[in-house]
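Let me begin by presenting the structure, written as structure tokens, before commenting on it.
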Amino acid sequence: RNTGIAAAQGELIGFLDSDDAWRSDKLERHVRLFAADPGLGLTFSQSDYMTEAGHLTGTRLRTTRHQPSLHDMLRRNHCGNGSTVVIRRDCFELAGTFREDLKSCEDYEMWCRVLWATGYRAECIALPLTIYRLRDSSLSFNFASFTDNADRAMASLRELMRNVPARRFRAGHAEHYRIAAWKATTTG
């Protein structure tokens with residue numbers, strides 16, 4: 001992602017992991033939202049899930065917060081996955097780029113840092129514009145690695161955001177472990 005950010009020439013940057021997909025009108029909808037509101041720094045959409053073979057599962061990843069604050073984002077990654085986000089280039093100039101030492105939770109850590117450091121807001125397009133592939137071999141299904149990266153991301157955010165109440169971090173940390181438990185249970 002950092003290599004792509006460095007090579008990108010536009011004002012907006014979108015991410016699409018190689019095993020995911022965007023609906024044909026996704027980028028157009030994000031561009032319109034940014035044009036209508038210069039206070040937005042980060043936009044994201046809902047995601048439909050597909051199997052490893054590429055079949056839609058009928059399940060959708062939605063957020064409960066369509067304009068998540070920093071505290072909302074610390075509590076839960078409302079963007080869901082890295083392929084949903086389109087972001088202003090300025091956000092990376094103000095907040096820095098992705099932590100390359102994190103192999104998962106790097107997107108969560110980045111979105112929190114953007115909301116903390118930039119003064120920009122986040123907004124969801126409440127439509128399934130991204131299709132997220134569920135793979136058993138995914139890094140997010142390696143539970144030891146996922147929780148280790150979640151621990152390190154959370155420790156980094158706590159160190160950076162000393163003025164944020166500790167309860168916000170505890171809630172976010174618990175959410176990471178809830179997600180890991182849910183993934184472990186659903187995959188057997």
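In this chain, residues are counted from 1 in sequence order. Everything numeric here is computed off the predicted structure, so don't read it as measured data.
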Quiz item: Looking at the rings of F169 and H173, which for Trp means the six-membered one, are their centres under 6.0 Å apart?
Solution: no
Self-check item: C91 to G41 - nearest heavy-atom pair and separation
Solution: SG-O, 3.5 Å
Quiz item: Sub-3.5 Å donor-acceptor pair from the side chain of R121 to the main-chain atoms of L42, do we have one?
Solution: no
Quiz item: With no hydrogens and no angle check, is any side-chain donor or acceptor of R158 less than 3.5 Å from a backbone partner on A153?
Solution: no
Quiz prompt | Atom pair CZ/SG of R75 and C112 - distance to nearest 0.5 Å | solution = 12.5 Å
Quiz prompt | ILVMFWY network linking L70 to F44, side-chain heavy atoms under 4.5 angstrom | solution = yes
Self-check item: R88: salt bridge (charged side-chain N to carboxylate O under 4.0 Å, His left out) partners, not counting sequence neighbours
Solution: E11
Quiz item: Mind checking whether L134 and T51 have side chains closer than 4.5 Å, heavy atoms only?
Solution: no
Quiz item: Any side-chain heavy atom of F146 sitting closer than 4.5 Å to one from I179?
Solution: yes
Quiz item: About how many Å separate CD1 of I5 and CZ of R89, when rounded to the nearest 0.5 Å?
Solution: 8.5 Å
Exercise. Give a yes-or-no answer on whether the side chains of R65 and H78 include a donor-acceptor pair shorter than 3.5 Å.
Key: no
Self-check item: P128 backbone acceptor or donor facing K26 side chain under 3.5 Å
Solution: no
Quiz item: What's the verdict on side-chain contact (heavy atoms from CB on, under 4.5 Å) for D107 and N77, showing C-alpha distance, side-chain angles and the deciding distance?
Solution: CA-CA 9 Å; D107 53 345; N77 182 358; 3.8 Å; yes
Quiz item: With no hydrogens and no angle check, do the side chains of D151 and T147 hold a donor and an acceptor under 3.5 Å apart?
Solution: no
Quiz item: Donor-acceptor pair, T63 side chain versus H66 backbone, under 3.5 Å?
Solution: no
Self-check item: Connected via hydrophobic side-chain network under 4.5 Å: W116 and M73
Solution: yes
Practice problem: Give a yes or no on whether the backbone of L74 and the side-chain of Y108 come within a donor-acceptor separation of less than 3.5 Å. | Solution: yes
Exercise. Answer with yes or no whether the hydrophobic clustering places L12 together with L33; edges join I, L, V, M, F, W, Y residues whose side-chain heavy atoms lie under 4.5 Å apart.
Key: yes
Quiz item: Which value, rounded to the nearest 0.5 Å, describes the distance between D48 atom CG and T57 atom OG1?
Solution: 7.5 Å
Quiz item: Going through the checks in order, is the side-chain contact (heavy atoms from CB on, under 4.5 Å) test met by C124 and Q67?
Solution: CA-CA 6 Å; C124 176; Q67 295 178 328; over 6 Å; no
Quiz item: So, the side chain of R99 versus the backbone of S156: is there a donor-acceptor pair under 3.5 Å, distance only?
Solution: no
Self-check item: Pair N2-F92, side-chain contact (heavy atoms from CB on, under 4.5 Å): steps then yes or no
Solution: CA-CA 10 Å; N2 289 340; F92 298 112; 6.0 Å; no
Self-check item: Pairs satisfying ring pair (Phe, Tyr, Trp, His ring centres under 6.0 Å), at least one member in residues 5-38, at least two apart
Solution: F15-F98
Quiz item: In the single-linkage hydrophobic clustering (I, L, V, M, F, W, Y; side-chain heavy atoms under 4.5 Å), do V85 and L16 co-cluster?
Solution: no
Quiz prompt | Polar side chain donor-acceptor pair, N81 to Y49, under 3.5 angstrom | solution = no
Practice problem: State plainly whether one hydrophobic cluster holds both L61 and I131, where clusters connect Ile, Leu, Val, Met, Phe, Trp and Tyr through side-chain heavy atoms under 4.5 angstrom apart. | Solution: no
Quiz prompt | Side-chain touch V164/H71, heavy atoms, less than 4.5 angstrom | solution = yes
Exercise. Using the test side chain to side chain donor-acceptor pair (under 3.5 Å), find all partners of D20 that sit at least two apart in sequence or belong to another chain.
Key: S83
Quiz prompt | Minimum side-chain heavy-atom gap D17-R1 below 4.5 Å | solution = yes
Quiz prompt | Exercise: do Y120 and D90 side chains pair donor with acceptor under 3.5 Å | solution = yes
Self-check item: Distance in Å, R133 CZ paired with H55 NE2, rounded so as to fall on 0.5 Å steps
Solution: 9.5 Å
Practice problem: Heavy atoms only: give me the nearest G96-M110 pair and the separation to one decimal. | Solution: O-CE, 3.2 Å
Quiz item: Which atom pair, heavy atoms only, marks the closest approach of R62 to R76?
Solution: O-NH2, 3.8 Å
Exercise. State plainly whether the residues K103 and D148 are in salt-bridge range, i.e. N to O under 4.0 Å.
Key: no
Quiz item: Would you say the side chains of S45 and T130 form a donor-acceptor pair under 3.5 Å?
Solution: yes
Quiz item: Could you give the distance from CG (L157) to CG (L160), rounded to the nearest 0.5 Å?
Solution: 7.0 Å
Practice problem: Examine distances only and state if a side-chain atom of R113 and a backbone atom of A95 form a donor-acceptor pair shorter than 3.5 Å. | Solution: yes
Practice problem: Answer with yes or no whether the side chains of N149 and E106 bring together a donor and an acceptor at under 3.5 Å. | Solution: no
Exercise. First locate atom OG of S47, then atom CZ of R60, and finally report the distance between them rounded to the nearest 0.5 Å.
Key: 9.5 Å
Quiz item: If every non-hydrogen atom of A122 is compared with every non-hydrogen atom of P68, which pair is closest and at what distance?
Solution: O-CD, 3.8 Å
